[in-house]
Amino acid sequence: MKPTIDIANMESVFSTYAPHLIEELKGISEGLEISYKEAAAIFSGYDIPKMDAMGCSATITNDFYVRNYDFSPLLYDHIFSLVDSEVAYASAGYSQQVLGRLDGVNSEGLVMGLHFVSFKEFQNGISAWTAIRMVLDTCSSTSEAVDLLKVIPHAACYNFSIGDKSGDIAVVEASPNKVVMREDKSYLTCVNHFQNQDLHQKNRKYIEFSMKRNMHMQELNKKGFSEKQMFERFKDSHSPLFFKNYDDYFGTLHTFCYSFHDSKITTCLAKSEHVLSFYLDDWVNGKAISNTSMSGKIERESI
């Protein structure tokens with residue numbers, strides 16, 4: 001990350017949309033015994049340098065949300081965080097730079113994940129993982145999430161897949177200069193390119209693989225895949241949705257699934273023999289989770 005950032009601008013954005021995260025940054029600073037200035041540069045997700053491209057595929061229905069996160073294990077927190085705060089909604093999800101979230105769900109039944117698109121119009125602004133943290137901490141519905149994403153100053157072009165327990169689902173296609181929403185009453189897919197005509201010019205030059213993943217998920221919908229079937233398809237290392245190009249920053253690291261009807265989280269790391277499964281509502285109400293660690297296997301594509 002950059003050695004320094006504009007602290008005043010960062011605090012201005014955070015104070016507007018999620019002021020409690022400033023206190024968290026100060027806590028990280030104290031806990032790691034580093035300066036607040038350094039902690040803000042490393043962990044805030046504000047004014048980030050350009051990072052290598054990542055994948056990610058998601059399916060959203062009125063009943064469930066399933067997604068794969070594809071990137072490199074070298075730039076991965078290896079942390080699944082469960083947080084119950086006095087100043088924000090409780091949430092569970094995979095962290096990025098400690099403060100941010102790659103995907104997750106909060107105690108209101110709002111689930112969300114990020115999907116990199118491009119660095120067109122790249123600017124100083126909020127990273128996608130910090131945006132997700134802000135949404136999960138402060139929003140209780142898809143509509144509230146969309147409203148917040150429309151005003152956050154985005155650093156790059158990202159898709160956000162979103163759903164809530166009322167069955168309201170959406171994909172927000174966000175660039176630094178324009179944010180639009182895609183919606184459907186029952187089924188949406190989200191990958192790594194903008195589908196809105198007004199944003200096509202902001203896509204990367206080659207989006208064929210992204211389009212193929214999208215078409216595959218659309219076919220799964222036509223087949224009427226259940227939540228369990230969809231989760232198994234996403235985590236299957238032989239699936240068109242699972243990748244092993246870790247050296248090219250495009251390997252599947254985890255699969256995350258959430259059921260809107262009963263708050264059940266089902267998740268696992270790549271090629272894991274063990275699946276973590278629990279009800280978020282039970283955890284929020286004090287029921288402990290027996291798991292203390294998760295494991296997976298990185299198997300690179302053979303040449």
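Values in this document were obtained by computation on a predicted structure and should not be read as measured data.
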*Heavy-atom distance under 4.5 Å between the side chains of N124 and N9, does that happen here?*
no

*So if you build clusters from Ile, Leu, Val, Met, Phe, Trp, Tyr with side-chain heavy-atom gaps below 4.5 Å, do V87 and L82 land together?*
no

_Is it true that, when you exclude E183 itself, more than 12 heavy atoms of the residues, nucleotides or ligands shown sit nearer than 6.0 Å to its CD?_
no

_Whether over 12 other heavy atoms sit under 6.0 Å from Q201 CD_ = yes

*Got a second to check how far Y65's OH is from F256's CZ, nearest 0.5 Å?*
7.5 Å

*asked:* Could you measure the distance from the CG atom of D70 to the CZ atom of F242? Nearest 0.5 Å is fine.
replied: 8.5 Å

_Can you see whether S166 engages D164 through a side-chain donor-acceptor pair at a distance of less than 3.5 angstrom?_
yes

*Determine whether the side chains of S15 and E11 contain a donor N or O and an acceptor N or O closer than 3.5 Å.*
no

*Check: Y279 and S259 side chains under 4.5 Å, non-hydrogen atoms*: no

*Evaluate the side-chain contact (heavy atoms from CB on, under 4.5 Å) criterion for residues N203 and S118: first the C-alpha distance (whole Å), next the side-chain angles of each, then the deciding distance (0.1 Å), finally the verdict.*
CA-CA 6 Å; N203 285 326; S118 75; over 6 Å; no

_Stepwise side-chain hydrogen bond (donor to acceptor under 3.5 Å, both in side chains) test for H115 and S161_ = CA-CA 8 Å; H115 308 252; S161 48; 2.8 Å; yes

*Heavy atoms only: give me the nearest I60-A170 pair and the separation to one decimal.*
CD1-O, 3.7 Å

*Should we say atom NZ of K178 is surrounded by more than 12 heavy atoms from elsewhere, each under 6.0 Å from it?*
no

_Same cluster (ILVMFWY, side-chain, under 4.5 Å), V117 and I132_ = no

_I162 backbone acceptor or donor facing T142 side chain under 3.5 Å_ = no

*Can you check whether S95's main-chain N or O pairs, donor with acceptor, with Y76's side chain at less than 3.5 Å?*
no

*Output yes when K165 and E108 qualify as a salt bridge under the 4.0 Å nitrogen-oxygen rule, no when they do not.*
no

*If you look at every heavy atom in S35 and S29, which pair is closest and at what distance?*
C-OG, 3.3 Å

*Could you check if a side-chain atom of R213 sits within less than 4.5 angstrom of a side-chain atom of N192, using non-hydrogen atoms only?*
yes

*Kindly give the heavy-atom pair with the smallest separation between A145 and L110, and that separation in Å.*
CB-CD2, 4.2 Å

*Any donor-acceptor pair under 3.5 Å linking the side chain of H154 with the backbone of L149?*
yes

*Which value, rounded to the nearest 0.5 Å, describes the distance between T59 atom OG1 and L188 atom CG?*
9.5 Å

*Would you check if there is a donor-acceptor pair between the side chains of N68 and S57 at a distance under 3.5 Å?*
no

*Indicate if F160 and I207 have the same hydrophobic cluster label, given that clusters are the connected sets of ILVMFWY residues with side-chain heavy-atom separations under 4.5 angstrom.*
no

_Pairwise side-chain contact, Y187 with T189, heavy-atom cut-off 4.5 Å (strictly under)_ = yes

*Describe, in one word, how the ring planes of Y158 and W129 are oriented to each other, choosing from parallel (under 30°), tilted (30 to 60°) and perpendicular (over 60°).*
perpendicular

*Specify the closest pair of heavy atoms between M134 and A18, including all atoms of both residues, with the distance to one decimal.*
CG-CB, 3.8 Å

*Okay, side chain of E299, backbone of K244: is any donor-acceptor separation there less than 3.5 Å?*
no

*Closest non-hydrogen atom pair, N62 against G167*: ND2-O, 2.8 Å

*Looking only at atom types and distance, does a side-chain atom of D137 sit under 3.5 Å from a main-chain N or O of A88, one as donor and one as acceptor?*
no

*Short side-chain to backbone donor-acceptor contact, T16 and S12, under 3.5 Å*: yes

*asked:* Please confirm whether the ring centroid of Y258 lies under 6.0 Å from the ring centroid of F260.
replied: yes

*How many angstroms lie between OH in Y36 and CD1 in I22, if you round to the nearest 0.5 Å?*
5.5 Å

*Candidate pair N177 and E121, rule side-chain hydrogen bond (donor to acceptor under 3.5 Å, both in side chains), full reasoning*: CA-CA 7 Å; N177 293 319; E121 302 172 351; 3.2 Å; yes

*Answer yes if the side chains of Y94 and T267 hold a donor-acceptor pair under 3.5 Å, and no otherwise.*
yes

*Would you find a donor on one side and an acceptor on the other, under 3.5 Å apart, between the side chain of Q229 and the backbone of S226?*
yes

_With a 4.5 Å cut-off on side-chain heavy atoms, are L99 and L21 touching?_
yes

*Within the distance-only criterion (no hydrogens, no angle test), does the side chain of S239 pair as donor or acceptor with the backbone N or O of R233 below 3.5 angstrom?*
yes

*Side chain of N196, backbone of D198: donor and acceptor closer than 3.5 Å?*
yes

*Could you give the distance from CG (L280) to OG (S107), rounded to the nearest 0.5 Å?*
6.5 Å

*With a 3.5 Å cut-off and no angle check, do the side chains of T130 and S127 form a donor-acceptor pair?*
yes

*Could you tell me how the ring of H254 sits relative to the ring of Y69: parallel (under 30°), tilted (30 to 60°) or perpendicular (over 60°)?*
parallel

*List for me each residue that meets salt bridge (Lys or Arg N to Asp or Glu O under 4.0 Å) alongside R67, sequence neighbours excluded, and say none if there are none.*
D103

*When you check the side-chain N and O atoms of N245 and R300, is any donor under 3.5 Å from an acceptor?*
no

*Using modelled atom types only, decide if a donor and an acceptor are shared between the side chain of S72 and the backbone of Y249 within a distance under 3.5 Å.*
no

*How would you list, by chain and number, every residue that makes a salt bridge (Lys or Arg N to Asp or Glu O under 4.0 Å) with E24, sequence neighbours excluded?*
R133

_Suppose we call two aromatic rings close when their centres sit under 6.0 Å apart. Are F116 and F119 close by that rule?_
yes

*Within-4.5 Å side-chain heavy-atom neighbours: D47 and K2*: yes

*Rounded to the nearest 0.5 Å, what's the gap from NZ on K297 to CG on L269? Could you check?*
14.0 Å

_Pair R182, Q195 - check side-chain contact (heavy atoms from CB on, under 4.5 Å), show working._
CA-CA 8 Å; R182 284 195 292 117; Q195 297 185 34; 3.4 Å; yes

_Within the supplied structure, the quantity of interest is the number of heavy atoms (other residues, nucleotides, ligands) at a distance under 6.0 Å from K264 NZ; does it exceed 12?_
no

*Spell out, yes or no, whether F234 and F209 are grouped together once hydrophobic residues are joined by side-chain heavy atoms under 4.5 Å, including indirect joins.*
no

*Cluster link F43 to L136, ILVMFWY, side chain under 4.5 Å*: yes

*Is L114 close to N159 at the side-chain level, that is, under 4.5 Å between some pair of heavy atoms?*
no

*Answer yes or no: is there a side-chain heavy-atom contact under 4.5 Å between F64 and V66?*
yes

*Restricting to pairs with a member in residues 78-90, which pass side chain to side chain donor-acceptor pair (under 3.5 Å), not counting sequence neighbours?*
none

*Heavy atoms only: give me the nearest Q97-D77 pair and the separation to one decimal.*
N-OD2, 3.0 Å

